[in-house]
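As structure tokens, the structure follows; a few thoughts come after it.
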Amino acid sequence: MRGNRTTSVTEFLFSGFPQFENGSFLFFIPLFFIYIFIIIGNLIVFFAVRMDTHLHNPMYNFISIFSFLEIWYTTATIPKMLSNLISKHRTISMIGCLLQMYFFHSLGNSEGILLTTMAIDRYVAICNPLRYPTIMTPRLCAQLSAGSCIFGFLVLLPEIAWISTLPFCGPNQIHQIFCDFEPVLRLACTDTSMILVEDVVHAVAIIFSVLVIAISYIRIIIVILRIPSGKGRQKAFSTCAAHLGVFLMFYGSVSLMYLRFSATFPPILDTAIALMFAVLAPFFNPIIYSLRNKDMKMAIRKLLCSQRILSTPAN
């Protein structure tokens, strides 16, 4: 709602859907099925790892936790997108907006830290295979997994608490399809120079994670290329290909969104980039992990077959 200078804004209006005014239901249907696929696909990956004892190792443990986080990462935004597509009132309350930003970015931070952990895990496994069992113990694996999630949620609390204290008394249109830091901060009735500080903090975190992952994979590729056996090289590459694909998709889209500083994109491009890392990346992740990994395909097949047997009535 738009008020005067003394009236506080109690809700925001999403204006990132201008191109959907006519025939929005045509966009609702594919987005709905994509969301259902993301939920089911990541649940299958999660339970396939948990129920197959052959996959009870650090690499697959990290994959299963990543898949679990993906379910909630998309649930933080897509259901609201779906309701906006079929609703005339594309609004969200102030509290709802803060919660959406908090959970979306906390889960995204946790995934980013987990991807960094997965890259380090692959580095140790391939570059120091003899020491790998003593380094990546089940206890350390559990600590890294829990630490990724706890840190991802704690690090964002001060930022959200600060935003909640800002006055919002003017325009209330968020030029995006979900609540995000930059478009929300631009609506604050106060000095918005902190937006640059926010951009720098986010950029440092993203660049640091990308550098750690990139250095790990460069070292991995160098070691793999030294393997004399062609079959050995192929096996080593296959274990890293899925992780590398997910890393490029996740950080590629995130970088386009958060490493542009003062650069502005057309609204339709902004929407496309947001959909890329909020919807498309989670959509392709279960496909990448299941198609690029023979062990995962076998585990998924076992899971689906066991469910089919359990659902078949006894004669």
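What you see is a predicted model; the values in this text were computed from it and never measured.
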Do you know which two heavy atoms are closest between [X] and [Y], and how far apart they sit?
| X | Y | answer |
| --- | --- | --- |
| F46 | S64 | CD1-O, 3.2 Å |
| C179 | F14 | N-CE2, 3.5 Å |
| A48 | L303 | N-CD2, 3.7 Å |
| M101 | D180 | SD-C, 3.6 Å |
| L154 | P158 | O-CD, 3.6 Å |
| L166 | A188 | CD1-CB, 4.2 Å |

[X] side-chain N/O to [Y] backbone N/O, donor-acceptor pair under 3.5 Å:
| X | Y | value |
| --- | --- | --- |
| H175 | P183 | no |
| T137 | P133 | no |
| K302 | K297 | no |
| N84 | S87 | no |
| N57 | M59 | yes |

ILVMFWY network linking [X] to [Y], side-chain heavy atoms under 4.5 angstrom:
| X | Y | value |
| --- | --- | --- |
| M298 | I44 | no |
| M118 | I215 | no |
| I177 | F33 | yes |
| L82 | F37 | yes |
| I218 | I126 | no |

- Derivation and outcome, side-chain contact (heavy atoms from CB on, under 4.5 Å), residues V279 and T74: CA-CA 7 Å; V279 179; T74 52; over 6 Å; no

Contact check, side chains of [X] and [Y], non-hydrogen atoms, under 4.5 Å:
| X | Y | answer |
| --- | --- | --- |
| L107 | F153 | yes |
| I174 | C97 | yes |
| S93 | T10 | no |
| T116 | Y251 | yes |
| I163 | L185 | yes |
| F181 | I160 | yes |
| C141 | F62 | yes |
| F68 | N42 | no |

- Step-by-step side-chain contact (heavy atoms from CB on, under 4.5 Å) determination, V246 to F284: CA-CA 8 Å; V246 171; F284 284 111; over 6 Å; no

- Item | Verdict with reasoning, Q176 to D270, per side-chain hydrogen bond (donor to acceptor under 3.5 Å, both in side chains) | CA-CA 7 Å; Q176 190 50 274; D270 256 340; 4.8 Å; no

- Message: How long is the straight-line distance from CD1 of I300 back to CG of L55, given to the nearest 0.5 Å?
- Response: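 CD1 of I300 is found 9.5 Å from CG of L55.
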
- Query: Just how far is it from atom CG of N61 to atom CZ of R50, taken to the nearest 0.5 Å?
  - Reply: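 Between atom CG of N61 and atom CZ of R50 there are 5.0 Å.
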
- Verdict with reasoning, M296 to D52, per side-chain contact (heavy atoms from CB on, under 4.5 Å): CA-CA 9 Å; M296 183 66 76; D52 193 328; over 6 Å; no

- Query: Would the number of heavy atoms belonging to other residues, nucleotides or ligands and lying under 6.0 Å from CZ of F32 be above 12?
  - Reply: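 Atom CZ in F32 is not packed in, count stays at 12 or less.
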
For the rings on [X] and [Y], is their centre-to-centre separation under 6.0 Å?
| X | Y | result |
| --- | --- | --- |
| F250 | F277 | no |
| Y123 | Y217 | no |
| H105 | Y258 | yes |

- Item | From CA spacing to verdict: ring pair (Phe, Tyr, Trp, His ring centres under 6.0 Å), F12, F168 | CA-CA 10 Å; F12 294 110; F168 293 90; 5.5 Å; yes

Does a donor on one side chain sit under 3.5 Å from an acceptor on the other, for [X] and [Y]?
| X | Y | result |
| --- | --- | --- |
| E11 | N172 | no |
| N285 | S67 | no |
| D121 | Y132 | yes |

- Test side-chain contact (heavy atoms from CB on, under 4.5 Å) applied to Y35 and T75, I40, T77, the passing residue: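 The option that passes is T75.
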
- Query: Yes or no on side-chain contact (heavy atoms from CB on, under 4.5 Å) for C149 and L69, after CA distance, side-chain angles and deciding distance?
  - Reply: CA-CA 9 Å; C149 298; L69 290 174; 4.2 Å; yes

- Message: Checking S216 against R122 for the side-chain hydrogen bond (donor to acceptor under 3.5 Å, both in side chains) test, could you report, in this order, the C-alpha distance in whole Å, the side-chain angles of both residues, the deciding distance, and whether it holds?
- Response: CA-CA 8 Å; S216 298; R122 289 299 84 204; over 6 Å; no

